[in-house]
Amino acid sequence: MITVTLPDGHERQVARGTSVIDFAAGIGVGLAKATLGACLNGSKEIVDLRSPILDDCSIEIVTAKSKAGLHVIRHSASHIMADAILRLWPDCKLAIGPSTDQGFYYDIDLDHKITEDDLGRIEAEMKKVIKEDTPFERHTVEREASLDEFRRAGEIYKVELIEGFDPDDELSVYRHGTTAFEDLCRGPHVPSTGHIKAFKLMRVAGSYWRGDEKRQVLQRIYGTAFPSKKELNQYLHNLEEAKKRDHRKLGKELELFMFHPTAPATPFFLPKGAVIYNELVNFMREKYLDYGYDEVVTPQILDVELWKRSGHWDKYQDNMFFTKFDKAEYGVKPMNCPTHALIYGSALKSYKQLPIRLADFGRLHRYERSGVTAGLTRVRSFCQDDAHIFCRDDQIGEEISQVIKMLNEVYETFGFDHLKIYLSTRPEKSVGSDEVWEKAEEGLRNALAENDIEYEVNEGDGAFYGPKIDFVVFDALEREWQLGTVQLDFTMPERFDLEYVNPGDGKSRPVMIHRAILGSLERFMGIIIEHFAGNFPLWLAPVQVRVINISDSQREYAEGVVASLKKLGIRVDAAYANTRIGGKIRDARNARLPFIAVVGDREKENGQVAVQALGGVDLGPSSVEDFGLMLKNKIEAREI
RNA sequence: GCCAGCGUAGCUCAGUGGUAGAGCAGCGGUUUUGUAAACCGCAGGUCGUCGGUUCGACCCCGACCGCUGGCUCCA
């Protein structure tokens, strides 16, 4: 007998070699029915439900309700899809077909180009496989025999996979279906194909074998699967909702920005979008005042000598734009840091002056490969709420703490109330010595520890000149967005030979902290458009109030209302057109106006406006003064 | 950059190898209106660009540009 511990601490004695499914059956018939596999001893790896339990252990039974169970379902769906594809196109070669957080995919090598129509055909074939409800059988196989079999079947990708495995590892295949579809797989899977209750194929896309762009291009078919139809429909519904908030769609509808083929991947902010853009800048400028930053304005185009000195020429050239004139070559700046290093170095500094915090809303240009750009979230020209802090070693902790404090204040203003934090370490393409990198990474770790911040490590994801802390927010749809970054850099000060006079009258090297909170304003705008679904908080709304008159007889009064609101600095417009009020209200609501002020004879009589807030909330009549005051208060408080 | 898809009026979208259509927006009238679309009329497009096939191309073919979904890359 062995002892198996359940998640709640209960212990059960069972015979050595009892299978997971039998163990579950011992607890309850319902649990046995729902069991898809198990995680042993806290491992994240799921074992098959038929695998025997050999030793004392803790166990967590995996059902469809858990995240792990969902992966089992999706992985099984991926096998069923591969089976269906092979039934339709027997010459198809299979690469890999894992589950993902969104669903599953299978990479296939097939001459026939899969179209949207084909997805329907594959789905129909999958339904047949599911209806057959044949069991998923696990078989361990011998390496050489398995290689032979896959070679014979022409499954070159499977062969390559096996050849890459450790020869001592056990190989397993899973088999299901009337055609005995078999795939190299660690598993586990659902007990039989009939357990797949709800799935849908989403799209087909290109991918590279093993993610290597020099290798074979494969077709990747994406699908998703859920334990029930209801959950699938909910997922599809959420996708629709996300589509409705797509910043590219709203940007066009709300006249915020546009693109033009003459400037690929470079936005034009229209008057309304520029209002939001400038409000964001104003907001950050206020914070800069609070936190002791000095704003600078720096050149756009600088001699390549500068970029050679900073390391950009070596490590960042592929992402830069260059131009030649007056017998010299120049690079358009992709980052502000070198210009700030020049400013720092332009005059002798004392240790008493530090820290020096230089902020810059300079426009940056980075060449992005044509296929990677997207709306406002990945552009070739953008502006960061960028700043560089030059400080002494002993100031690093406090400076980073202050940045984190400021960052939290900023994010709260937009309703981003929980964060995920990553520490990114040295990348392959980097400058600086090992010691310096170690020192910098330790500096960041210490700062995180001092602030009691939990974080995950992103190996090799740092900037070329230093490690960084990345701040990820969750938007209204709980999607993750990386916004802020704090980077600790000992390299740039060295390359630019930056110094300060220390108390002992000697020279010391300052540290440079690169930091941005909103990240790029372009990207940030894209994110908040989707976060707020275009319903901006009052302080950001391009037009804050629309005055609507009921008929011409209140036109003059309405113009007076507009004028007095304008006087208060409120962004107001009006709909004086001679049409019915219902239509004008509708237009205002579609344009996401935060407030609508209706004036008819009653209001004209009493010096009032009838106020409607976003979403059709009727706030009733109010004097023009009170209304204006109410707006001013909300704006100044940056109320969400 | 690679794979696939897409590109018709300002917007959303129909459409066919015989030189284009709707709704909304716009403009002009009529209507003077009380909280999500008043009515009538007018105008608006070398069908992304260039080339080819064809008696004839918006439609078929090719190249290019742009966009979208992915891959790779990535603040």
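Naming: A, B, ... by sequence-line order, numbering from 1 per chain. Quick caveat: nothing in here was measured; it's all calculated off a predicted structure.
Atom-to-atom, CZ of A:Arg210 to P of B:C73 comes out at 15 Å; the value is rounded to the nearest Å. The NZ-C1' distance, from A:Lys315 to B:C74, rounds to 17 Å in whole Å. At whole-Å resolution of the value, CG in A:Asn319 and C1' in B:G1 are 13 Å apart. Going from atom NZ of A:Lys113 over to atom C1' of B:A4 covers 8 Å, rounded to whole Å. For A:Leu270 and B:G10, the CG to C1' distance is 13 Å, given to the nearest whole Å. In this structure, the NZ atom of A:Lys604 is 13 Å from the C1' atom of B:U32, given to the nearest Å. As rounded to whole Å, 14 Å separates atom P of B:U68 from atom NZ of A:Lys243. A:Phe382 has its CZ atom 10 Å from the C1' atom of B:C74, to the nearest Å.
Across all strands shown, A:Val598 has heavy atoms under 4.0 Å from base atoms, whether or not it also approaches the sugar-phosphate. Using a 4.0 Å heavy-atom cutoff across all strands shown, A:Lys468 reaches sugar-phosphate atoms only and no base atom. Residue A:Gly600 is in base contact, counting any heavy-atom pair closer than 4.0 Å across all strands shown. Using a 4.0 Å heavy-atom criterion, one finds that A:Arg203 contacts the sugar-phosphate atoms exclusively. At a threshold of 4.0 angstrom between heavy atoms, the contacts of A:Ala516 with the nucleic acid are absent. If you check every strand for non-hydrogen atoms under 4.0 Å, A:Asn590 touches a base. If you check every strand for non-hydrogen atoms under 4.0 Å, A:Val379 touches a base. Looking at heavy-atom distances under 4.0 Å, A:Gly371 makes contact with a base. Within the nucleic acid shown, A:Tyr105 has no heavy atom closer than 4.0 Å to any nucleic acid atom. Backbone-only contact: A:Gln482 has heavy atoms under 4.0 Å from sugar-phosphate atoms and none from a base. Across all strands shown, A:Tyr367 has heavy atoms under 4.0 Å from sugar-phosphate atoms exclusively, and none from any base. Contacts of A:Asp601 with the nucleic acid, taken as non-hydrogen atoms under 4.0 Å apart, include base atoms. Residue A:Gly484 is out of contact with every strand shown, counting any heavy-atom pair closer than 4.0 Å. Heavy atoms of A:Ala575 sit nowhere under 4.0 angstrom from any nucleic acid atom.
The separation of B:A25 from B:G44, taken at their C1' atoms, amounts to 11 Å, rounded to a whole angstrom. Taking the P atoms as reference points, B:U35 lies 22 Å from B:G26, given to the whole Å. Taking atom P on both B:A57 and B:A38, the two are 45 Å apart, rounded to the nearest angstrom. Using atom C1' as the reference point in both B:G41 and B:C6, the two lie 36 Å apart (nearest Å). Atom name C1', nucleotides B:U19 and B:A63: the rounded distance is 24 Å, in whole Å. With P as the reference atom, B:C74 and B:U12 are 34 Å apart, rounded to whole Å. Nucleotides B:C27 and B:G70 place their P atoms 39 Å apart, quoted to the nearest Å. Taking the C1' atom of each, B:C58 and B:A14 are spaced 14 Å apart, rounded to whole Å.
Under the Watson-Crick or G-U wobble criterion, with both distances below 3.5 Å, B:A4 is paired with B:U68. Pairing of B:G10, defined by two Watson-Crick or G-U wobble distances under 3.5 Å, is identified with B:C24. In a base pair of the Watson-Crick type (N1 to N3 plus N6-O4 or O6-N4) or a G-U wobble (N1-O2 and O6-N3), with each distance short of 3.5 Å, B:A43 is matched with no nucleotide. The nucleotide B:G18 finds its pairing partner in B:C55, both defining distances of the Watson-Crick or G-U wobble pair being shorter than 3.5 Å.
Under the 3.5 Å distance criterion, with hydrogens and angles disregarded, a donor-acceptor pair is assigned to the side chains of A:Lys333 and A:Thr298.
Taking only side-chain nitrogens and oxygens, A:Tyr208 never comes nearer than 4.0 Å to OP1 or OP2 of B:G1. The phosphate of B:U12 has OP1 or OP2 within less than 4.0 Å of a side-chain N or O from A:Lys252. An OP1 or OP2 oxygen of B:G1 is reached within less than 4.0 angstrom by a side-chain nitrogen or oxygen of A:Ser370. Neither OP1 nor OP2 of B:C74 sits under 4.0 Å from any side-chain N or O of A:Arg369. Between A:Tyr576 and the phosphate of B:U32, there is no side-chain N or O to OP1/OP2 separation shorter than 4.0 Å.
Using bins of under 30°, 30° to 60° and over 60° for the plane-to-plane angle, the ring pair A:Tyr105/A:Tyr222 lands in the tilted bin. Classified by interplanar angle (parallel below 30°, tilted 30° to 60°, perpendicular above 60°), the ring pair A:Phe524/A:Phe414 is perpendicular. Ring-plane geometry between A:Tyr465 and A:His312 is classed as tilted, the angle between the planes lying from 30 to 60 degrees on a 0 to 90 degree scale.
The side-chain heavy atoms of A:Arg380 and A:Ser370, taken from C-beta on, include a pair separated by under 4.5 Å. Looking at A:Phe471 and A:Asn408, their side chains never come closer than 4.5 Å, going by heavy atoms from C-beta outward. Between A:Leu631 and A:Phe595 there is a side-chain heavy-atom pair separated by less than 4.5 Å.
A salt bridge is defined here as a Lys NZ or Arg NE, NH1 or NH2 lying under 4.0 Å from an Asp or Glu carboxylate O, and A:Glu240 with A:Arg245 fails to meet this definition. The pair A:Lys244-A:Glu241 meets the salt-bridge criterion, with a side-chain N (NZ, NE, NH1 or NH2) lying under 4.0 Å from an Asp/Glu carboxylate O. Using a cutoff of 4.0 Å between basic side-chain nitrogens and carboxylate oxygens, A:Arg378 and A:Glu368 are scored as salt-bridged.
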Please write out the pairs of protein N or O atoms and N or O atoms of nucleotides 39-49 of chain B separated by less than 3.5 Å, giving the distance to one decimal.
none

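Along RNA chain B, the nucleotide nearest to A:Asp618 and the one nearest to A:Asp552 differ in position, and the one closer to the 5' end is contacted by A:Asp552. Each of A:Tyr222 and A:Asp587 has a nearest nucleotide on RNA chain B; the 5'-most of these lies closest to A:Asp587.
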Working note: A:Asp107 + A:Trp209, criterion side chain to side chain donor-acceptor pair (under 3.5 Å); need CA distance, chi angles, decisive distance, verdict. CA-CA 8 Å; A:Asp107 281 348; A:Trp209 170 234; over 6 Å; no

